[in-house]
Amino acid sequence: MSNPRPLPLIQRFVAALGLLLLLAACTTTTPPDAVLAVPAAPQKYAAIVVDAKTGKQLFEVNSTAQRYPASLTKMMTLYLLFEALESGRVTKQTQIPVSDHAASQPPTKMRFRRGETIDVDSAIRAIVVKSANDVAVAIGEYLGGSEDQFAAMMTAKARQIGMTSTTFRNASGLPDDGQMTTARDMAVLGMALHSRFPQQFHYFSESDFMFRGRLVRGHNDMLGRVRGVDGIKTGYIRASGFNIVTSYNADGHQLIVVVMGADSARQRNDHVEALIQRSLSPTVADTKTRLMFAEQQ
């Protein structure tokens, strides 16, 4: 009497195991680099990454949705000041008077007293490093005659350079229900500052400056955190969340990264770094990114 032949059973087991492994491979969870944590609620979040050399959009979410710019507004204030420098209307030594209205702006500010002035070079640094609201308003009044007239100039310039969905109401970015922009428009402005004023763009990489014998420190922690980051501007009001426009320039890559609506500055900066790494990845075009918003984490 011959012994039972167990081989077919083993073969069936091996075949079943192989099928299970094949199915597991087909249903593997999304690779970690394809899951992007978003430090904001969907109704506040907006972001875009643009190749500044080609204008190619590398990433976007809600990039044309209306958002509050907060202190990103000051990028346009500086754009118009740089134009005034270029035309010779002002020099870096020109003294800008600080009116009572300008001095009365809420912090962050430089805290001027009545009758004081600030030179243009220091004014630029006060806006870039300190995001000084009093200085932004003083610039607006000096160049526009009044802050309202300057805001109209800002909006007109926005249209001229291709910011189709932005309206400015003040020079500082302090809360105003009518002051709106989009992540796309802020990317356009960031690229315009870089290409139009390369001789002034170095200001955006400064993290501190001396003013009247006092060291004034900034709060753009992306500077020095990621190699290649050379500016530009942060912003926050309660209605907007934490915003930033970041310029990256290294190893032949030039990016403009905009993130709006983050829950904290630290999370916003983490997200910007993740977007930079994602955009520099050679496989990013073949990877579908799944977003995980703050309320889902």
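For clarity, every value in this text was computed on a predicted model and none was experimentally measured. Residue numbers run from 1 in the order of the sequence given. No hydrogens, no waters, no symmetry mates; every other heavy atom, side chains included, goes into these values.
No option in L193, I161, L81 other than I161 meets the side-chain contact (heavy atoms from CB on, under 4.5 Å) test with M76. Test R268, R67, K44 against M260 for side-chain contact (heavy atoms from CB on, under 4.5 Å) and you get one pass: R67.
How far OG1 of T64 is from CD1 of I48: 9.0 Å, rounded to the nearest 0.5 Å. Rounding to the nearest 0.5 Å gives a distance of 9.0 Å between CE of M75 and CG of L78. Put simply, CG on D208 and CZ on R214 are 12.0 Å apart, with the number rounded to the nearest 0.5 Å.
In the model, D263 has no side-chain atom that pairs as donor or acceptor with a side-chain atom of Y45 under 3.5 Å. For the 3.5 Å distance criterion, the side chains of Y236 and H219 fail to qualify, holding no donor opposite an acceptor. For the residue pair S131 / K74, a side-chain donor-acceptor distance below 3.5 Å is found, with atom types taken as modelled. Using modelled atom types and a 3.5 Å distance limit, the side chains of S247 and D230 yield a donor-acceptor pair.
With hydrophobic clusters built from ILVMFWY side chains whose heavy atoms lie under 4.5 angstrom apart, I127 shares a cluster with V120. Linking Ile, Leu, Val, Met, Phe, Trp and Tyr residues whenever their side-chain heavy atoms come within less than 4.5 Å places M222 and V49 in a single cluster. Linking Ile, Leu, Val, Met, Phe, Trp and Tyr whenever their side-chain heavy atoms come within less than 4.5 Å leaves F204 and I276 in two separate clusters. Note on F150 and M163: same hydrophobic cluster, where clusters join Ile, Leu, Val, Met, Phe, Trp and Tyr whose side-chain heavy atoms are under 4.5 Å apart, directly or indirectly. Under the 4.5 Å side-chain heavy-atom criterion for Ile, Leu, Val, Met, Phe, Trp and Tyr, F201 and V257 are members of distinct hydrophobic clusters.
Residue pairs meeting the ring-ring contact (aromatic ring centres under 6.0 Å, His included) criterion with at least one partner in residues 72-93, sequence neighbours excluded, are Y79-F197, F82-F197.
At distances below 3.5 Å, not a single donor-acceptor pair connects side-chain atoms of S63 with backbone N or O atoms of E60. For the pair T155 (side chain) and A151 (backbone), a donor-acceptor distance under 3.5 Å is present. In this structure, the side chain of S122 does not engage the main chain of D119 through any donor-acceptor pair within 3.5 Å.
A 4.5 Å side-chain heavy-atom check between Y248 and H253 finds at least one atom pair inside the cut-off. Side-chain contact check for L85 versus I124: some heavy-atom pair is nearer than 4.5 Å. Here the side chains of N243 and V259 are not in contact, with every heavy-atom distance at 4.5 Å or above. Looking at heavy atoms from C-beta onward, N220 lies in side-chain contact with L223 at the 4.5 angstrom threshold. Side-chain contact between V50 and L255: absent, with no pair of heavy atoms (C-beta onward) separated by less than 4.5 Å. Considering only heavy atoms from C-beta on, T117 stays 4.5 Å or farther from F112 through its side chain. At a threshold of 4.5 Å between non-hydrogen side-chain atoms, the residues Y203 and V129 do not count as touching. Between E273 and V229 there is no side-chain heavy-atom pair separated by less than 4.5 Å.
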* Can R278 and T289 be said to form a side-chain hydrogen bond (donor to acceptor under 3.5 Å, both in side chains), step by step? -> CA-CA 10 Å; R278 177 191 183 280; T289 302; 3.0 Å; yes

* Residues R111, E116; criterion salt bridge (charged side-chain N to carboxylate O under 4.0 Å, His left out); working and verdict -> CA-CA 10 Å; R111 302 187 182 278; E116 289 188 314; over 6 Å; no

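The pair R227-D251 meets the salt-bridge criterion, with a side-chain N (NZ, NE, NH1 or NH2) lying under 4.0 Å from an Asp/Glu carboxylate O. Taking the charged nitrogens against the carboxylate oxygens, E83 and R196 do have a contact shorter than 4.0 Å, which makes a salt bridge. Ion pairing between a basic and an acidic side chain is recognised when a charged N comes within 4.0 Å of a carboxylate O; D100 and R114 show such pairing.
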Enumerate, atom names and distances included, each donor-acceptor pair closer than 3.5 Å involving a side-chain atom of residues 172-191, sequence neighbours excluded.
{"unit_1": "S172", "atom_1": "OG", "unit_2": "L174", "atom_2": "N", "d": "3.1"}
{"unit_1": "D176", "atom_1": "OD1", "unit_2": "G178", "atom_2": "N", "d": "2.8"}
{"unit_1": "Q179", "atom_1": "OE1", "unit_2": "R169", "atom_2": "N", "d": "2.4"}
{"unit_1": "Q179", "atom_1": "OE1", "unit_2": "N170", "atom_2": "N", "d": "2.9"}
{"unit_1": "Q179", "atom_1": "NE2", "unit_2": "T73", "atom_2": "OG1", "d": "3.1"}
{"unit_1": "Q179", "atom_1": "NE2", "unit_2": "N170", "atom_2": "OD1", "d": "3.1"}
{"unit_1": "T181", "atom_1": "OG1", "unit_2": "T166", "atom_2": "OG1", "d": "2.7"}
{"unit_1": "T182", "atom_1": "OG1", "unit_2": "D185", "atom_2": "N", "d": "3.0"}
{"unit_1": "R184", "atom_1": "NH1", "unit_2": "G162", "atom_2": "O", "d": "3.2"}
{"unit_1": "D185", "atom_1": "OD1", "unit_2": "T164", "atom_2": "N", "d": "3.4"}
{"unit_1": "D185", "atom_1": "OD2", "unit_2": "T164", "atom_2": "N", "d": "3.3"}
{"unit_1": "D185", "atom_1": "OD2", "unit_2": "S165", "atom_2": "N", "d": "2.8"}
{"unit_1": "D185", "atom_1": "OD2", "unit_2": "T166", "atom_2": "N", "d": "3.2"}
{"unit_1": "D185", "atom_1": "OD2", "unit_2": "T166", "atom_2": "OG1", "d": "2.7"}

